[in-house]
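Encoded as structure tokens, the structure appears first; notes follow it.
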Amino acid sequence: MMKQFLKLYTTTFLGLFLLTSTPLFSMSNGYGLWLDYTKIKDKVVLEGYRSQLQGIYLEEGGATLKVIGEELTMGLGTLLDTNLKFNALGGDGNMLIVSKYMNLPKNLTEKMEVDDLKKEGYIIKNVDMEGGSHVVITARDDIGLLYGTFHFLRLLQMHKPLKNLEIVESPKVDIRMLNHWDNLDRTIERGYSGFSIWNWQTLPDYIDQRYIDYARANASVGINGTAVTSVNANALILTPHYLEKVKALADVFRPYGLKVYLTARFSAPIEIGGLKTADPLDAKVIQWWKNKADEIYSIIPDFGGFLVKANSEGQPGPQNYGRTHLDGANLLADALAPHNGVVMWRAFVYSEHDPTDRAKQAYNEFVPDDGKYRENVLIQVKNGPIDFQPREPFHPMFGAMPNTPLMMEFQITKEYLGFATHLVYLPKLFEEVLKSDTYRKGKGSLVAKVIDGSLNHKKLTGMAGVSNIGTDFNWTGHPFGQADWYGFGRLAWNPYMDSKDIADEWLRCTFTNDEHFVGPVKKMMMESREAVVNYMDPLGLHHIFDTGHHYGPGPWVDNLSRPEWNPVYYHKADSLGIGFDRTKTGSDALFQYAPEVQKMFTDLETCPEEYLLWFHHVPWDYRLKNGRTLWDGLGIKYQKGVDQVREMIATWEQMKPYVDDLRYKQVTMLLNIQLKEAKWWRDACMLYFQTFSKMDFPKEMEAPEHALEYYRSLQFPYAPGIRPSWN
């Protein structure tokens with residue numbers, strides 16, 4: 001488990017991490033994530049738990065039950081600083097009882113209400129009986145027991161009372177998965193925390209402890225699937241040589257309820273199959289995919305299915321042969337259907353040959369085929385219509401395909417939010433999207449209801465998050481990046497959760513329950529996403545990042561081969577004003593939303609100012625709701641973002657007594673980088689836009705540190721996240 005691994009890892013790499021005079025092995029270094037159980041220091045809480053948990057009954061069973069036993073032994077043993085014994089049922093004393101419902105004695109089943117308990121769900125209940133007061137964790141299946149066990153241990157980490165405990169939980173989303181954009185050479189596209197954790201060279205014979213700890217961490221927040229390869233797929237992953245390696249991972253993951261998925265390169269029948277075509281209507285191609293699916297399931301019986309990026313950003317697809325996304329998705333769905341596999345077909349498509357607004361193109365390609373996809377196809381849609389921007393309106397496809405399951409795709413790795421150097425609490429962004437109202441079935445038609453299937457009674461549902469995990473010792477680069485992984489899992493389980501509650505959980509499990517720490521840092525986390533919007537893309541600006549690597553501002557870029565790759569395409573700044581007109585007088589992208597949403601965003605009086613420049617081209621002297629001009633408002637927002645980072649630094653400085661020295665110094669250094677780059681964003685963007693507005697900066701804004709030419713001259717050929725060319 002993680003703690004045993006840490007002893008070896010810290011000894012081996014001690015010299016690399018001696019950032020302080022304190023030996024690393026005596027500090028919390030972040031590897032244990034939110035599962036780094038430590039002894040409860042509150043004596044009253046500790047003695048209360050010891051009194052209530054005097055022994056454990058765990059039913060016998062297979063690999064998952066064994067994992068539960070190991071977790072309870074480590075978790076309770078460390079938290080309570082005692083060795084609890086596993087006993088038979090019926091003994092004296094207060095017990096923790098972990099058993100499937102069908103195996104509980106009748107006197108316990110009579111006290112359980114399981115009618116609404118779904119697959120993977122669980123009950124945690126305090127039951128007073130003759131002989132003791134017991135805590136019962138029960139479920140219909142072993143994986144439900146595992147999820148319930150992690151929930152129970154989280155309650156202890158958070159010092160929650162066990163008396164009168166009654167929790168009933170079932171996942172609201174079926175497929176809850178991570179998408180790894182990991183290449184076979186261990187580089188990661190948009191990866192900012194080291195290399196890929198999958199060492200394909202040593203698999204299948206060498207099982208890195210990280211694989212086990214990865215599965216455990218995912219299970220602890222209810223994530224049940226992982227696509228281990230990049231959506232810019234390599235067909236080699238489907239060859240026998242690599243499938244043997246994938247099988248080794250699947251075997252490790254299985255006890256934790258984690259299924260493996262693979263990205264399927266559409267041209268694989270040509271590249272590894274010896275065919276001359278990959279036409280989805282060609283009989284030989286159809287048979288090749290069926291044979292490949294049969295082969296995969298003979299090796300990995302619980303294989304989840306395929307994730308596909310096709311006819312997007314140069315990837316091959318059915319349109320290469322004059323076919324449609326529908327043809328391609330149904331081809332693969334038919335191959336997987338006999339094995340209960342699914343196809344997740346990404347809707348992230350746009351073409352240099354299509355002159356319409358890029359924000360409209362996915363809707364135009366997919367919505368007309370609503371209801372024609374096979375039952376085991378999910379269309380995987382990014383949260384917004386462009387590309388994981390710091391703020392976007394919800395994607396118009398949500399709610400517009402009532403007869404097709406739509407799967408949410410969030411990005412956990414921060415491609416457009418400062419990489420792993422900026423503290424940006426993403427569950428706040430996720431929550432904003434999920435609580436957006438599509439109005440497709442009237443008021444209350446939330447995006448969350450599309451995702452969990454309740455809006456249109458969908459049987460198959462899913463949510464994916466593009467992983468921020470790498471080989472960095474703490475997994476995510478930035479210590480607070482762990483909260484994004486954690487929060488994604490919690491929202492995938494229940495898309496109606498409050499991001500503030502999730503932050504509270506994560507802080508208490510990861511750092512401390514001390515309110516002097518939890519309160520201020522939770523506030524800092526909750527405000528961090530708005531801060532990055534302010535110093536990058538205020539008032540609805542979007543996609544003004546420097547080219548390729550997306551590191552830093554590049555609103556002036558106008559020389560790329562495709563118009564929609566240029567930031568000038570999105571902000572459209574000129575002498576008259578700034579912003580992208582998506583009303584009827586412009587691209588009419590608003591037509592793709594429900595009438596109520598169209599009306600709200602079209603009318604300048606009702607359009608939320610955070611989306612103003614997303615939907616409107618606005619004069620520089622336009623008066624905002626506070627009476628200031630748009631130009632002044634931009635400068636004030638940029639300055640506010642900088643000031644918010646300063647406030648984060650001030651908050652963190654006060655947290656030194658509550659945080660270990662290593663993580664305190666890591667976050668301190670990263671916040672200072674964030675402040676430096678927030679100023680860079682403010683100065684570069686306002687200086688550039690000033691060339692159009694010809695107006696003085698608002699008095700609230702600090703003077704830029706350099707001239708515009710300086711910012712335009714900056715180059716970053718080795719910025720992380722872009723796959724290098726090995727010459």
Side-chain angles (χ1 to χ4, degrees), residues 2-3 6 9-10 13-42 78 157-159 192-194 217 414 417-426 468-470 472-487 502-529 531-532 642-678:
M2 286 190 180
K3 289 185 179 293
L6 285 176
Y9 210 82
T10 52
F13 295 99
L14 186 60
L16 296 177
F17 296 100
L18 288 180
L19 301 180
T20 72
S21 59
T22 309
L24 184 66
F25 52 76
S26 69
M27 301 191 302
S28 179
N29 46 50
Y31 182 87
L33 301 165
W34 50 89
L35 297 171
D36 194 14
Y37 306 122
T38 56
K39 179 183 175 181
I40 295 170
K41 296 178 181 179
D42 188 309
T78 307
Q157 287 177 285
M158 297 175 67
H159 298 183
Y192 311 110
S193 53
K414 298 188 179 78
L417 292 104
F419 299 2
T421 49
H422 292 211
L423 194 163
V424 188
Y425 178 56
L426 292 184
N468 63 339
I469 297 165
D472 279 4
F473 196 85
N474 67 2
W475 300 84
T476 59
H478 200 302
F480 278 79
Q482 297 177 0
D484 303 325
W485 177 11
Y486 179 92
I502 294 171
D504 189 86
E505 289 180 1
W506 180 78
L507 285 169
R508 293 178 186 277
C509 293
T510 306
F511 289 100
T512 176
N513 280 279
D514 194 311
E515 293 295 345
H516 294 93
F517 175 86
V518 174
V521 178
K522 181 166 56 177
K523 181 177 184 291
M524 179 180 76
M525 291 171 68
M526 294 302 294
E527 295 174 354
S528 62
R529 184 286 185 101
V532 77
V642 172
D643 292 340
Q644 285 172 305
V645 179
R646 289 185 175 125
E647 292 169 6
M648 292 163 66
I649 291 172
T651 296
W652 189 249
E653 286 176 349
Q654 300 303 311
M655 296 304 109
K656 188 172 184 179
Y658 311 103
V659 186
D660 57 272
D661 199 36
L662 176 61
R663 285 186 292 182
Y664 177 78
K665 288 190 174 182
Q666 286 177 326
V667 174
T668 297
M669 290 186 286
L670 290 167
L671 283 173
N672 284 322
I673 292 174
Q674 187 169 354
L675 177 60
K676 180 180 178 181
E677 295 185 353

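Because only heavy atoms are used, hydrogens play no part in the values below, and waters and symmetry mates are left out as well, while side chains stay in.
One finds the CG atom of Leu507 at 12.0 Å from the CD1 atom of Ile502 (value rounded to the nearest 0.5 Å). In this structure, Tyr31 OH and Phe473 CZ are separated by 7.5 Å, a value rounded to the nearest 0.5 Å. Rounding to the nearest 0.5 Å places CZ of Arg529 at 8.5 Å from CG of Leu426. To the nearest 0.5 Å, atom CG of residue Asn513 and atom CD of residue Gln157 are 9.0 Å apart. Distance check, rounded to the nearest 0.5 Å: CE of Met524 to CD1 of Ile649 gives 10.5 Å. For the atom pair Leu671 CG and Arg646 CZ, the distance stands at 13.5 Å (nearest 0.5 Å).
Side-chain contact check for Thr651 versus Lys523: every heavy-atom pair is 4.5 Å or farther apart. Using a 4.5 Å heavy-atom cutoff, the side chains of Glu515 and Arg508 are in contact. Looking only at side-chain heavy atoms (C-beta outward), Met648 and Gln674 come within less than 4.5 Å of each other. Two residues are said to be in side-chain contact when any heavy atoms from C-beta on lie closer than 4.5 Å; Leu670 and Pro479 meet this criterion.
Look at Glu505 and Lys522 and you find no salt bridge, because none of the NZ, NE, NH1 or NH2 atoms lies under 4.0 Å from a carboxylate O.
The two atoms that bring Tyr658 and Thr512 nearest to each other are O-CG2, 4.3 Å, heavy atoms only. Here the closest non-hydrogen pair linking Val518 and Asp504 is CG1-OD1, 3.5 Å. Across all non-hydrogen atoms, the minimal contact from Leu417 to His422 is O-CB, 3.6 Å. Here the closest non-hydrogen pair linking Met526 and Tyr425 is SD-CE2, 3.8 Å. A pairwise comparison of heavy atoms in Cys509 and Met158 identifies SG-CG, 4.0 Å as the closest pair. Residues Gln644 and Ala531 come closest through the heavy atom pair OE1-CA, 3.1 Å.
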Q: Tell me, with the steps shown, if Trp485 and Leu33 meet side-chain contact (heavy atoms from CB on, under 4.5 Å).
A: CA-CA 10 Å; Trp485 177 11; Leu33 301 165; 3.6 Å; yes
Q | Derivation and outcome, ring pair (Phe, Tyr, Trp, His ring centres under 6.0 Å), residues Trp652 and Phe480 | A | CA-CA 12 Å; Trp652 189 249; Phe480 278 79; 5.6 Å; yes
Q: Please assess Tyr192 against Asn468 for the test side-chain contact (heavy atoms from CB on, under 4.5 Å), listing each intermediate value before the final yes or no.
A: CA-CA 7 Å; Tyr192 311 110; Asn468 63 339; over 6 Å; no
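Within the 3.5 Å criterion, the main-chain N or O of Gln482 finds a donor-acceptor partner in the side chain of Thr476. With hydrogens and angles disregarded, a donor-acceptor distance shorter than 3.5 Å links the side chain of Asn474 to the backbone of Gly477.
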